[in-house]
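Below is one structure, written out as structure tokens; the observations come after it.
Below, each value reflects all heavy atoms present in this structure, side chains not excepted, and no hydrogens, waters or symmetry copies. Counting starts at 1 for both ligands and their atoms, following the listed order. The first residue in the sequence is number 1, and the count goes up from there.
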Amino acid sequence: MFPEHRPRRLRRTETLRRMIRETQLSIDNLIYPIFAKEGTSLKEPIEAMPGQFRYSPDVLPKLAKTIAASKIPAVLLFGIPKIKDSTGTSAHRRDGVVQHAVQRIKDAAPDLVVITDVCLCEYTDHGHCGILDGTGEVSNDDTLEVLATVALSHAKAGADIIAPSDMMDGRVGIIRESLDESGYEQIPIMSYTVKYASSFYGPFREAAGSTPSFGDRRGYQMDPANVREGLREAAYDIEEGADIIIVKPAMPYLDVIRLIADEFDTPLCAYQVSGEYSMIKAASTMGWLNEAACILESLTSIKRAGADMIITYFAPQFAEMLS
Ligand SMILES: [Zn+2]
């Protein structure tokens, strides 16, 4: 008798396939990134990311209510300030754009979890993620104090989770310490733990105006060729107090997501980055890909690889598909 095995028996109908499906996507695991830009009445389209916008804080309450109503549990806030300087002071102003945006969103949708990105690249005039030393290199230890100040200002503004994305060594520990000392010991840290120096961030840089004015970020973000290094990064961040760890980008690094998920019990998040989003958008616009099907397949693959949560620009579209 041949064939001896017939796995196709369980693929015959959609109901059978639904019964044996191993990975389930849920809106509960999605986080929607938002760009908050200093100003008023702004909703600026981001050309390289069709369907995404830069919003001023005053228009965010409306968006926050829509997102909360669609059952997306969390947003991740990035700030675009008016003024940039060499040390990124706009990042920790009490009336800064993110601080302002957090308050507006929490007032409008108190149950929506607001996660804030902590980094300096959108706030420095040179576009690097930290303070430069005399030679133009990003100084790790000089940057740590500033990051802790930024994190604390976000917590004071009402942020629910702090997400440092700078890739400086030791920043999870110093942020944890600074939050704890000020009575914010209940605020979790979601750390960009395994963040690669990726070309897939291209559209984001247009969105946030955070392209480095010289050099690149390979001196602090990870080499795409490495994976054992990611395990070390994860071990350090967890030891320093990270409550959630992030792998970024997602789809080109599914093997890394799998490995981290197998090695560590800490909740794991993956960031489906701007380039991953724009590729699907562009090819769909050309009629080369089926957009809805590719959204579902890409998110499923990230979940299947082992991510508990996914940061994705497709979150509102996914919510729409469910309804
Ligand atoms: Zn940065």
- Would you check if there is a donor-acceptor pair between the side chains of Asp117 and Ser165 at a distance under 3.5 Å? yes
- Message: Restricting to side chain to side chain contact (heavy atoms under 4.5 Å, CB included), what partner residues turn up for Ser301, sequence neighbours left out?
- Response: Met251, Leu254, Arg304
- Task: Anything protein N, O or S sitting under 2.8 Å from the Zn ion (ligand 1): count it and give me the total.
- Result: 3
- Message: Parallel, tilted or perpendicular, judged at 30° and 60°: which one describes the rings of His128 and Tyr220?
- Response: perpendicular
- side chain to side chain contact (heavy atoms under 4.5 Å, CB included) partners for Glu47, two or more places apart: Glu206
- Message: Is it the case that over 12 heavy atoms from other parts of the model lie below 6.0 angstrom from the CG atom of Asp28?
- Response: yes
- By side chain to side chain contact (heavy atoms under 4.5 Å, CB included), Ala234 pairs with (sequence neighbours left out) Thr193, Ile245, Ile260, Phe264
